[in-house]
Protein chains: 2
Amino acid sequence: MRTNSDEEQCLFSIHQATQVLGGKWSFVVLGQLFCQDSQRFNQLRRNLDNISTKSLTDTLRHLERNGVIHRKVYPTVPVTVEYSLTEKGRDFKNVISEMRIWGQKWGSNM
Amino acid sequence: MRTNSDEEQCLFSIHQATQVLGGKWSFVVLGQLFCQDSQRFNQLRRNLDNISTKSLTDTLRHLERNGVIHRKVYPTVPVTVEYSLTEKGRDFKNVISEMRIWGQKWGSNM
DNA sequence: CCGTATCCCTGGCGATACTG
DNA sequence: CAGTATCGCCAGGGATACGG
């Protein structure tokens with residue numbers, strides 16, 4: 001039988017996952033990084049349908065704070081910044097992957 | 001090598017999935033229905049930390065329109081309504097499941 | 001019981017301009 | 001190049017009251 005705490009813990013985990021992700025762009029940003037890890041700021045921006053700089057920085061900062069991605073600065077001129085996935089981020093690939101499969105399977109019809 | 005359309009299709013599928021889900025409550029509502037399929041309105045509401053009626057109805061309508069859940073009305077007095085998962089909805093379990101695993105693994109630390 | 005209807009309001013997001 | 005700084009909007013969500 002299912003106990004109450006089972007349910008609660010299940011929902012809590014899901015809730016937590018959504019909190020770590022934050023905004024609506026996180027999925028697609030992570031998806032982009034899975035397609036090609038270690039991308040630069042404007043590279044991401046171009047690949048993401050011209051997301052506004054604010055939304056992109058907000059999303060990246062949020063993901064960084066939550067340990068999902070890593071920000072590395074190269075002191076070139078002009079400066080170069082590369083975003084890559086942490087282990088926690090790479091581990092999220094299973095979720096994104098399942099989401100992609102589902103999106104492809106059920107995308108156009110019902 | 002990876003082509004441009006690969007990337008685009010990948011991102012498109014993810015984007016589509018997020019569109020089908022809609023708001024922030026969808027994940028947890030679906031999670032609840034996976035815990036126990038076929039639940040009634042107030043039953044869901046109580047299980048979901050007293051989500052407002054508006055948010056719940058909005059979420060349920062959205063998911064229904066997108067063929068993820070099914071709404072069945074029993075003409076009792078007072079009326080009884082049960083929400084259950086469609087095949088499309090049940091198929092989403094893989095995503096939720098991976099999300100739960102990830103949430104449990106990485107929930108508390110980084 | 002299962003919602004709809006309303007009001008309100010916050011914060012997420014986009015657009016733009018500007019800096020190191 | 002990689003952002004920060006502002007402003008303004010408005011959809012999404014909460015609270016409450018009411019209707020079938």
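Model, not experiment: these values are computed from the prediction. Residue numbers begin at 1 in each chain, while the letters A, B, ... track the order of the sequences. Side chains are part of it too, since the values below use all heavy atoms of this structure and drop only hydrogens, waters and symmetry mates.
- In this structure, Tyr74(B) reaches neither bases nor backbone, as no heavy-atom distance under 4.0 Å exists between it and the strands shown.
- In this structure, Asn50(B) places its CG atom 12 Å from P of dT16(D), rounding to the nearest Å.
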Taking only nitrogen or oxygen atoms into account, show me every contact under 3.5 Å that the protein makes with nucleotides 18-20 of chain D, one pair per line with its distance.
none

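- Listed pair Tyr83(B) / dG3(C) meets the phosphate criterion, a side-chain N or O lying under 4.0 Å from OP1 or OP2.
- Using a 4.0 Å heavy-atom distance criterion, Arg45(A) is classed as making no nucleic acid contact.
- By the 30° and 60° cut-offs, the orientation of the rings of Phe92(A) relative to Phe27(A) is tilted.
- Rounded to whole Å, the distance from CZ on Arg46(A) to C1' on dC1(D) is 10 Å.
- With rounding to whole Å, Gln19(A) atom CD is found 14 Å from dG11(C) atom C1'.
- Between Glu82(B) and Gln39(B), the side chains place no donor N or O within less than 3.5 Å of an acceptor N or O (distance only, hydrogens not considered).
- A donor-acceptor contact closer than 3.5 angstrom links the side chains of Trp106(A) and Asp91(B).
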What pairs of nitrogen or oxygen atoms, one from the protein and one from nucleotides 4-6 of chain D, lie under 3.5 Å apart?
{"from": "dT4(D)", "atom 1": "OP1", "to": "Arg61(A)", "atom 2": "NH2", "distance (Å)": "3.4"}
{"from": "dT4(D)", "atom 1": "O4", "to": "Thr53(A)", "atom 2": "OG1", "distance (Å)": "3.3"}

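- Candidate nucleotides dG14(C), dG3(C), dC1(C) were compared by shortest atom distance to the side chain of Asn42(B), and dC1(C) ranks first.
- What separates CG of Asp58(B) from P of dT6(C) is a distance of 15 Å, to the nearest Å.
- One can place CD of Gln39(B) at 15 Å from C1' of dC2(C), the figure rounded to the nearest angstrom.
- Within the structure, every side-chain polar atom (N or O) of Arg40(A) is placed at least 4.0 Å from both OP1 and OP2 of dC1(D).
- Every residue was checked against the salt bridge (Lys or Arg N to Asp or Glu O under 4.0 Å) condition with Asp37(B), not counting sequence neighbours, and none meets it.
- When the C1' atom of dA11(D) is taken as reference, atom CH2 of Trp25(B) falls 17 Å away, rounded to whole Å.
- A donor-acceptor pair is defined here as one N or O able to donate and one able to accept, closer than 3.5 Å; no such pair exists between the side chain of Thr80(A) and the backbone of Thr76(A).
- Remark: Asn50(A) CG is packed, more than 12 non-hydrogen atoms of other residues, nucleotides or ligands lying under 6.0 Å away.
- At the phosphate of dG14(D), OP1 or OP2 sits under 4.0 Å from a side-chain N or O atom of Ser55(B).
- In this structure, the side chain of Ser84(A) does not engage the main chain of Ser38(A) through any donor-acceptor pair within 3.5 Å.
- Not a single donor-acceptor pair under 3.5 Å links the side chain of Thr59(B) to the backbone N or O of Trp25(B).
- What separates CG of Leu60(A) from P of dC13(C) is a distance of 13 Å, to the nearest Å.
- Enclosure of atom CD in Glu87(A) is not indicated, since only 12 or fewer non-hydrogen atoms of other residues, nucleotides or ligands lie within 6.0 angstrom.
- In this structure, Leu56(B) places its CG atom 10 Å from P of dT4(C), rounding to the nearest Å.
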